[in-house]
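What you see below is based on every heavy atom in this structure, not just the backbone, and it leaves out hydrogens, waters and symmetry mates. In this text, all values refer to a predicted model and were calculated from it rather than measured experimentally. We number each residue from 1, following the sequence as shown.
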Amino acid sequence: MATGEGDRARLLAGLALTERRVDQAGISTAVLEAGSGPPLLLLHGGIEVGGAYWAPVVGRLAEHHRVIAPDVPGLGESEPVARLDAAAFDGWLAAIVSEICQEPPLLIAHSLIGSFAARFAARRGELLARLVVYGAPGIGRYRMPLGLRAAAIRFAIHPNGGNAERLERWAFRDLDGAVRGNPEWMAAFAAYLRERATVGHVKRTMRQLVAAGTKRIDDGVLRNIPLPVGLVWGRHDRFVPLALAEQASTRLNWPLEVIDEAGHVPHIERPGAFLRALDTVAARRVRHPRG
């Protein structure tokens with residue numbers, strides 16, 4: 001077993017799930033599946049490891065849902081496309097939903113992929129039951145912090161342990177606490193992150209996602225989403241500050257649940273609080289006004 005495959009297996013150890021490859025829109029896609037019930041589709045953010053980083057919450061979510069967590073093209077173990085733009089993403093996600101989900105799913109989309117998912121929902125909302133946007137920069141006016149940009153560039157050029165840790169400290173409210181709480185999982189996460197970050201098509205995909213996923217989506221597009229939308233955010237998110245979510249919640253009448261003592265990845269840092277926030281926002285029936 002290759003080093004990266006071993007680290008990915010460590011991330012998923014102990015979970016009652018299946019992992020398979022499917023060919024969707026001509027793209028060989030790695031998909032994790034667990035549980036049974038109404039479909040819940042998890043889309044990871046712009047991170048090299050793909051959907052394996054949902055592992056801390058998959059088991060609990062699978063108690064009441066059929067959880068489907070694909071690796072976005074070019075990340076994790078999925079094959080890349082020449083360019084992951086809105087058209088390529090929409091074609092891929094439409095195929096995933098149509099072929100794997102037996103009914104329109106609840107879609108939870110994180111970070112840069114959350115921006116892509118919001119645009120998808122405005123164009124293909126009939127394929128979804130509900131959308132939860134989680135830590136996504138594209139729903140408001142966003143400018144990447146200079147320190148984060150510098151850390152991301154350093155890691156992209158030299159994905160070593162020190163640069164990985166610098167980037168992780170931007171993502172976590174308390175990285176040291178997360179490591180103490182689950183040292184084996186966090187070690188596997190860091191190792192798999194560094195391994196995938198050395199792959200050429202992963203580097204290319206990450207650049208494309210940052211360029212497209214940080215662009216603001218026009219409010220007219222967001223108001224055109226024909227299904228309930230909610231927001232989940234870490235109070236101490238330094239990647240995408242909470243103020244952006246608060247402003248979007250006010251403008252668009254989207255309910256917002258804030259997770260205390262968490263940064264950009266509360267599903268890893270505070271999984272119990274993340275699940276409670278998700279339950280609350282997903283249960284609300286508020287729809288935003290059009291126009």
Could you tell me whether [X] and [Y] have their ring centroids closer than 6.0 angstrom?
X	Y	answer
Y192	Y53	no
W54	H44	no
H267	H110	yes

Spell out, as yes or no, whether a donor-acceptor pair under 3.5 Å connects the side chain of [X] to the backbone of [Y].
X	Y	answer
S78	P73	no
D71	G50	no
T205	H201	yes
R270	I259	no
E257	V281	no

salt_bridge([X], [Y]) N-O dist < 4.0 Å:
X	Y	result
R10	D7	yes
D176	R169	yes
E19	R8	yes
E126	R124	yes

If you look at every heavy atom in [X] and [Y], which pair is closest and at what distance?
X	Y	result
L242	G234	CB-O, 4.3 Å
P145	R238	CG-O, 3.6 Å
W185	L11	NE1-O, 2.9 Å

With the 4.5 Å side-chain cut-off for hydrophobic clustering, are V210 and I157 part of the same group?
no
Indicate, with yes or no, if L244 and M144 share a hydrophobic cluster defined by side-chain heavy-atom contacts under 4.5 Å among Ile, Leu, Val, Met, Phe, Trp and Tyr.
yes
Answer yes or no: is there a side-chain heavy-atom contact under 4.5 Å between F120 and L127?
yes
Separation between CD (E269) and CZ (F172), nearest 0.5 Å, reads 6.0 Å
Between R204 and R207, is a side-chain contact (heavy atoms from CB on, under 4.5 Å) present by the stated rule, with each step listed?
CA-CA 5 Å; R204 183 181 73 243; R207 291 194 298 269; 3.8 Å; yes
